[in-house]
Amino acid sequence: NSVYVYWVVILIPFAFVIGTFFFVNKYYGICLLLLYVVVYRPLVDFGRLRAVNKVKGLRFWKMYLPFYHFKHFKQFYLK
């Protein structure tokens, strides 16, 4: 439930994506970036909200709504 664990979980894969983009192949980097943004981050953010009991049930689809993350900004990055 620590915010530090959340930061590690979101930044280490992002560093891998950026490294792939610059050192392996730009096409693979773009594909991994899309996977990160569309699949990985919403799953991690939803897990974080469930861990701090801010979301009940299976409302995963809301993670794709524009600006939904701003509603829970403190829960994601500060607490």
Side-chain angles (χ1 to χ4, degrees):
N1 291 343
S2 173
V3 71
Y4 299 113
V5 173
Y6 176 73
W7 277 99
V8 168
V9 167
I10 63 172
L11 289 179
I12 288 181
F14 186 70
F16 176 73
V17 169
I18 296 301
T20 303
F21 183 79
F22 285 112
F23 299 116
V24 177
N25 188 342
K26 291 185 188 222
Y27 174 74
Y28 292 140
I30 290 171
C31 291
L32 285 176
L33 183 63
L34 285 173
L35 279 173
Y36 177 82
V37 170
V38 174
V39 177
Y40 183 75
R41 270 308 290 275
L43 283 172
V44 170
D45 292 346
F46 184 71
R48 172 78 175 147
L49 288 177
R50 288 197 64 164
V52 296
N53 296 323
K54 289 291 181 182
V55 173
K56 296 179 183 176
L58 296 173
R59 296 189 177 153
F60 176 71
W61 62 272
K62 285 189 174 185
M63 299 309 292
Y64 290 103
L65 292 176
F67 305 111
Y68 185 72
H69 291 91
F70 291 129
K71 179 180 176 183
H72 301 289
F73 185 82
K74 281 187 180 181
Q75 294 300 322
F76 284 139
Y77 303 111
L78 303 176
K79 288 186 179 182

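In what follows, every heavy atom counts, from backbone to side chain, and hydrogens, waters and symmetry copies are set aside. If you read the sequence from its start, that first residue is 1, and numbering goes on from there. The shown structure was predicted, so the numbers you read here are calculated from the model rather than taken from an experiment.
- You'll find the side chain of Leu32 stays beyond 4.5 Å of the side chain of Phe21, heavy atoms only.
- Side-chain heavy atoms closer than 4.5 Å link hydrophobic residues (I, L, V, M, F, W, Y) into clusters, and following such links, even through other members, never connects Val8 to Phe16.
- The two residues Val24 and Tyr28 come nearest to each other via the heavy atoms CG1-CD1, 4.2 Å.
- Residue Leu11 is grouped with residue Tyr36 when hydrophobic side chains (ILVMFWY) are merged at heavy-atom distances under 4.5 angstrom, including chains of intermediate members.
- Heavy atoms only, all atoms of each residue included: Val17 and Gly29 are closest at CG1-O, 3.9 Å.
- We find the CD1-CG distance between Ile10 and Asp45 to be 7.0 Å, quoted to the nearest 0.5 Å.
- Considering only heavy atoms from C-beta on, Cys31 comes within 4.5 Å of Tyr27 through its side chain.
- Atom OH of Tyr40 sits in a crowded spot, with more than 12 heavy atoms from other residues, nucleotides or ligands closer than 6.0 Å.
- Ile12 is not connected to Leu33 by any chain of hydrophobic side-chain contacts under 4.5 Å among Ile, Leu, Val, Met, Phe, Trp and Tyr, and they are in different clusters.
- One finds the CD1 atom of Ile30 at 9.0 Å from the CG atom of Asn25 (value rounded to the nearest 0.5 Å).
- Cluster membership check: Val3 shares its hydrophobic cluster with Leu43, using side-chain heavy-atom separations under 4.5 Å among Ile, Leu, Val, Met, Phe, Trp and Tyr.
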